[in-house]
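Read through the structure below, which is laid out as structure tokens, and then see the notes.
Values reported hereafter were calculated over all heavy atoms of this structure, with side chains retained and with hydrogens, waters and symmetry mates removed. Please read these numbers as outputs of a predicted model, since none were measured by experiment.
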Amino acid sequence: QFLRDKLQNFQELGIKTHAYVQGLNVVTKAFDAEDIFCVDAWRRRLAYSKGRSFICPNNPNTVSLLSGRVERAVLEDVDGVYVDNILFGIPPITVFSDYLPFFGCSCVHCQEQFHTQFGYSLPLKEKKGQQVIDYLEFRARSVQKVIERLSRIVHSHQKQFGINLYDPT
């Protein structure tokens, strides 16, 4: 409420305001029972930071959660919506043209969508050869789909849309 009460001051000064929406991570305890998390090959949740975990952009529950947050944010008396921390699972430490150690997410939703797109099973640990290119393309498409959906919601209200995209892959 404090920020809502200050919006008029910004508007009078011609300063554009944006509602803030947290991106692909959540407070782990708050969503502990939910099926939204990025996981590794052993089904362990991937930590974003202390007390927070990554959530998967290929999981319909995650997309619903983020869409709902953006739909609520766009109703505020602001000029736009800013979605922060668009980061798809653990980022890569090293990327070689023919080898990748594990990074990203290996949940069932990623496995199903990867198989649908490329016709073979998602390598759950390391990736080699063409798997590297396919996985990077898969990640880019996965994030792009979520961003496009959130953008459509915001633009349907004639508001600005911004993101913080850490991971171009």
Going by heavy atoms in the side chains, are [X] and [Y] under 4.5 Å from each other?
X: Ile86; Y: Asn164; answer: no
X: Asn9; Y: Lys6; answer: yes
X: Asn61; Y: Glu34; answer: no
X: Leu65; Y: Val26; answer: yes
X: Arg45; Y: Asp32; answer: yes
X: Gln113; Y: Lys145; answer: yes
X: Phe138; Y: Cys110; answer: yes
X: Cys56; Y: Phe88; answer: yes

Indicate the atoms forming the closest heavy-atom contact of [X] with [Y], along with that distance.
X: Val81; Y: Val154; result: CB-CG2, 3.8 Å
X: Lys159; Y: Gly80; result: CB-CA, 4.0 Å
X: Asp79; Y: Lys16; result: OD2-CA, 3.1 Å
X: Val21; Y: Ala73; result: CG2-CB, 3.8 Å
X: Ser121; Y: His115; result: N-CD2, 3.6 Å
X: Asn59; Y: Ile36; result: ND2-CA, 3.5 Å

Can you check whether Tyr82 and Phe161 have ring centres sitting under 6.0 Å from each other? no

Any pair with a residue in residues 4-28 that passes ring-ring contact (aromatic ring centres under 6.0 Å, His included), sequence neighbours left out, goes on the list, sorted by first then second residue, please.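 Those involving residues 4-28 do not exist here.
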
Side chain to side chain donor-acceptor pair (under 3.5 Å), that's the test. Do Thr28 and Arg52 meet it? Break it down for me. CA-CA 5 Å; Thr28 308; Arg52 300 188 75 84; over 6 Å; no

Following the transitive rule for hydrophobic clusters with a side-chain heavy-atom cut-off under 4.5 Å over Ile, Leu, Val, Met, Phe, Trp and Tyr, establish whether [X] and [Y] coincide in one cluster.
X: Leu87; Y: Leu46; answer: yes
X: Val143; Y: Val63; answer: yes
X: Leu124; Y: Phe118; answer: yes
X: Val27; Y: Leu66; answer: no

Task: Glu137 with Arg139: basic N within carboxylate O range, under 4.0 Å - done: no

Would you give the length of the straight line joining atom [atom1] of [X] to atom [atom2] of [Y], rounded to the nearest 0.5 angstrom?
X: Ile147; Y: Arg152; atom1: CD1; atom2: CZ; answer: 12.0 Å
X: Ser142; Y: Leu24; atom1: OG; atom2: CG; answer: 10.5 Å
X: Arg141; Y: Asp134; atom1: CZ; atom2: CG; answer: 9.0 Å
X: Leu122; Y: Thr116; atom1: CG; atom2: OG1; answer: 11.5 Å
X: Asn25; Y: Thr62; atom1: CG; atom2: OG1; answer: 11.0 Å
X: Ser53; Y: Tyr48; atom1: OG; atom2: OH; answer: 11.5 Å

(Q) How about CD on Gln8, more than 12 heavy atoms from neighbouring residues, nucleotides or ligands closer than 6.0 Å, or not? (A)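 Atom CD in Gln8 is not crowded, with 12 or fewer foreign heavy atoms closer than 6.0 Å.
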
Step by step, would you call Gln22 with Asn85 a side chain to side chain donor-acceptor pair (under 3.5 Å)?
CA-CA 7 Å; Gln22 184 59 258; Asn85 301 316; 2.6 Å; yes

Taking it one step at a time, do Asp77 and Gln11 satisfy side chain to side chain donor-acceptor pair (under 3.5 Å)? CA-CA 10 Å; Asp77 188 21; Gln11 292 164 345; 3.2 Å; yes

Those residues at least two apart in sequence (or on a different chain) that pass salt bridge (charged side-chain N to carboxylate O under 4.0 Å, His left out) with Glu76 are Arg4

Sorted by chain and number, sequence neighbours left out, salt bridge (charged side-chain N to carboxylate O under 4.0 Å, His left out) with Arg44 holds for Asp40

> Sub-3.5 Å donor-acceptor pair from the side chain of Gln111 to the main-chain atoms of Ser106, do we have one?
Replying inline: yes

* With under 30° as parallel and over 60° as perpendicular, where do the rings of Tyr120 and Phe114 fit, or are they tilted in between? -> perpendicular

